[in-house]
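Every chain is numbered from 1, with letters handed out A, B, ... down the list of sequences.
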There are 2 protein chains.
Amino acid sequence: MTSLSIAEAAEQTGLTAHTLRYYERDGLMLRSVERASSGHRRYTDDDLRWIQMVTRLRATGMPIRDVRRYAALVRDGDGNEAERLDLLLAHREVVEQQLAEVTSHLRAIDHKIALYEHKVAPAP
Amino acid sequence: MTSLSIAEAAEQTGLTAHTLRYYERDGLMLRSVERASSGHRRYTDDDLRWIQMVTRLRATGMPIRDVRRYAALVRDGDGNEAERLDLLLAHREVVEQQLAEVTSHLRAIDHKIALYEHKVAPAP
DNA sequence: TCTTGACTTGGAGCGCACTCCAAGTCGGAG
DNA sequence: CTCCGACTTGGAGTGCGCTCCAAGTCAAGA
């Protein structure tokens with residue numbers, strides 16, 4: 001429906017125009033973004049939805065090269081859903097492990113914070 | 001009590017010897033690590049405890065430069081506990097925000113996973 | 001004494017994910 | 001027609017956090 005300039009797409013997605021071009025160059029998009037007659041990129045709703053998925057994968061720490069693999073699978077179309085599922089499941093495992101680790105370290109830091117709060121508190 | 005070689009300290013802390021030297025060079029340690037007569041580093045229990053704290057801060061995403069600031073405060077000794085507390089509280093806020101973000105993105109990815117699991121499942 | 005292996009140093013190199021630059025093109029307003 | 005601003009490209013540069021290299025030292029064992 002709507003079709004956005006790169007600046008608008010950047011605003012919508014929270015990425016920079018630089019990053020949007022970089023993602024496209026690096027094979028993270030499902031296909032080349034359409035162009036206006038001027039040569040300027042025109043982002044469709046589908047593009048934005050895909051970028052949102054990429055953003056989710058990146059925000060959870062998936063490396064660019066794995067996002068590229070996932071994009072390649074989706075690009076290849078039906079028939080490799082099991083492979084995509086495997087990739088996402090493996091990623092989920094990594095993220096959950098990471099969340100657990102960070103949470104546990106954070107608890108230890110909280111303990112340290114409690115000590116300082118006690119120290120800094122006005123004397124009784 | 002015990003005093004460990006850099007290789008042993010690396011094993012204990014889960015860091016590499018390279019990283020241990022790098023942390024020391026970069027001002028992340030509370031003081032220069034002691035040396036044997038050979039010039040080899042000797043890590044004390046206190047060193048290991050401090051490295052554990054550094055590891056926790058790093059594992060929760062604190063940049064090296066902030067760890068250095070924190071180390072400088074601790075090195076300066078008593079009197080700046082409020083400042084250390086501020087630093088840790090600010091860090092905790094960032095980490096919690098980050099955890100929330102990752103968790104929410106992960107939920108969205110889980111939704112995608114559910115779709116694929118449905119697709120991949122044997123036909124009814 | 002010679003060799004081995006674990007260490008030392010300053011400094012270079014690397015991988016990642018952007019981020020920016022220079023020079024050029026295009027469409028529209030004045 | 002001229003100017004402006006938003007875009008285009010290939011390629012270089014940046015910041016971070018390590019990671020490694022080359023050359024040297026030292027202590028202990030054969």
Side-chain angles (χ1 to χ4, degrees), chain A residues 2-29 31-44 47 51 53-71 91 94-95 98 101-102 105, chain B residues 2-29 31-44 47 51 53-71 91 94-95 98 101-102 105:
Chain A
T2 43
S3 129
L4 307 181
S5 72
I6 194 165
E8 292 162 336
E11 166 141 35
Q12 283 280 320
T13 59
L15 303 174
T16 68
H18 286 309
T19 301
L20 287 173
R21 289 192 204 97
Y22 162 65
Y23 280 2
E24 191 178 345
R25 263 197 290 188
D26 241 47
L28 269 53
M29 298 299 290
R31 63 205 94 255
S32 298
V33 175
E34 281 175 33
R35 301 306 179 105
S37 64
S38 60
H40 292 193
R41 288 173 179 78
R42 288 291 166 246
Y43 289 84
T44 66
D47 290 332
I51 292 165
M53 181 66 187
V54 170
T55 298
R56 279 179 177 142
L57 295 174
R58 291 290 304 121
T60 49
M62 183 183 283
I64 293 283
R65 88 184 85 80
D66 291 1
V67 179
R68 183 163 43 231
R69 282 213 308 127
Y70 183 68
H91 179 57
V94 169
V95 175
Q98 209 176 262
E101 198 188 307
V102 169
H105 282 306
Chain B
T2 43
S3 133
L4 305 182
S5 73
I6 195 166
E8 290 162 338
E11 166 141 35
Q12 282 280 319
T13 59
L15 303 174
T16 68
H18 286 309
T19 302
L20 287 173
R21 289 192 203 99
Y22 162 65
Y23 280 1
E24 190 178 345
R25 262 196 292 188
D26 240 47
L28 269 53
M29 298 300 289
R31 62 204 94 258
S32 298
V33 175
E34 283 174 30
R35 300 306 177 106
S37 63
S38 60
H40 292 192
R41 288 173 179 80
R42 289 292 166 245
Y43 288 84
T44 66
D47 289 330
I51 292 166
M53 181 66 186
V54 170
T55 298
R56 277 177 179 143
L57 296 174
R58 292 289 304 120
T60 50
M62 184 183 285
I64 293 282
R65 88 185 84 82
D66 290 1
V67 178
R68 183 163 44 232
R69 282 212 309 126
Y70 183 67
H91 180 57
V94 169
V95 176
Q98 209 176 262
E101 199 187 308
V102 169
H105 283 304

Think Thr16(A) has a side-chain N or O under 4.0 angstrom from the OP1 or OP2 of dC18(C)? no
Separation of atom NE2 in His18(B) from atom P in dG15(C), rounded to whole Å: 15 Å
Do Met53(B) and Tyr70(B) touch side chain to side chain, with heavy atoms closer than 4.5 Å? yes
Whole angstroms only, please: what is the OH-P distance between Tyr22(A) and dT9(D)? 16 Å
Side chains of His40(A) and Arg35(A): does their closest heavy-atom pair fall under 4.5 Å? no
Side-chain heavy-atom pair Ser5(A), Arg42(A) within 4.5 angstrom cut-off: yes
Give one of base, sugar-phosphate or nothing for Arg25(A), where a contact means two heavy atoms less than 4.0 Å apart. base
Rounded to the nearest angstrom, tell me the gap between atom CG in Leu57(B) and atom C1' in dC16(D). 17 Å
Taking the nucleotide of DNA chain C with the nearest heavy atom to each, does Gly39(A) or Thr19(A) sit closer to the 5' end? Thr19(A)
Interatomic distance where CD1 belongs to Ile64(B) and P belongs to dT19(D) [whole Å]: 11 Å
What nucleic acid atoms does Ala7(A) come within less than 4.0 Å of, heavy atoms only: base, sugar-phosphate, or nothing? sugar-phosphate
With a 4.0 Å cutoff (strictly under), does any side-chain N or O of Arg58(B) reach OP1 or OP2 of dC16(D)? no
Nearest-nucleotide pick for Ile6(B), side chain only, options being dC7(C), dG27(C), dC16(D): dC7(C)
Measure the spacing between CG of Asp47(B) and CD of Glu24(B) and express it to the nearest 0.5 Å. 8.5 Å
Please tell me which of the listed nucleotides, dC18(C), dT8(C), dT9(D), lies nearest to the side chain of Arg41(A)? dT9(D)
Would you classify Ala36(A) as touching base, sugar-phosphate or nothing, given that sugar-phosphate means primed atoms plus P, OP1 and OP2, and contacts are heavy atoms under 4.0 Å? nothing
Under 4.0 Å between a side-chain N or O of Ser37(A) and OP1 or OP2 of dC26(C)? no
Base dG10(D) paired with Arg21(A) side chain (donor-acceptor, <3.5 Å): no
Rounded to the nearest Å, what distance is computed from the CD atom of residue Glu11(B) to the P atom of nucleotide dC7(C)? 11 Å
Side-chain N or O of Arg35(B) less than 4.0 angstrom from OP1 or OP2 on dC26(D)? no
Among dT8(C), dT19(C), dC26(C), the nucleotide that comes nearest once only the side chain of Ser38(A) is considered: dC26(C)
Quick check on dA17(C): is either OP1 or OP2 less than 4.0 Å from any side-chain nitrogen or oxygen of Tyr23(A)? no
Contact under 4.0 Å: Ser5(B) side-chain N or O vs dC7(C) OP1/OP2: yes
Without decimals, in angstroms, what is the distance between Leu20(B) CG and dT9(C) P? 13 Å
Whole Å only: how far is the NE2 atom of His40(B) from the P atom of dA6(C)? 11 Å
Applying the side-chain contact (heavy atoms from CB on, under 4.5 Å) test to Ile64(B), which of Leu57(B), Leu28(B), Val54(B) qualifies? Leu28(B)
How long is the line joining CZ of Arg42(B) and C1' of dT8(C), in whole Å? 12 Å
Just wondering, do Asp26(A) and Arg65(A) contact through their side chains at under 4.5 Å, heavy atoms? no
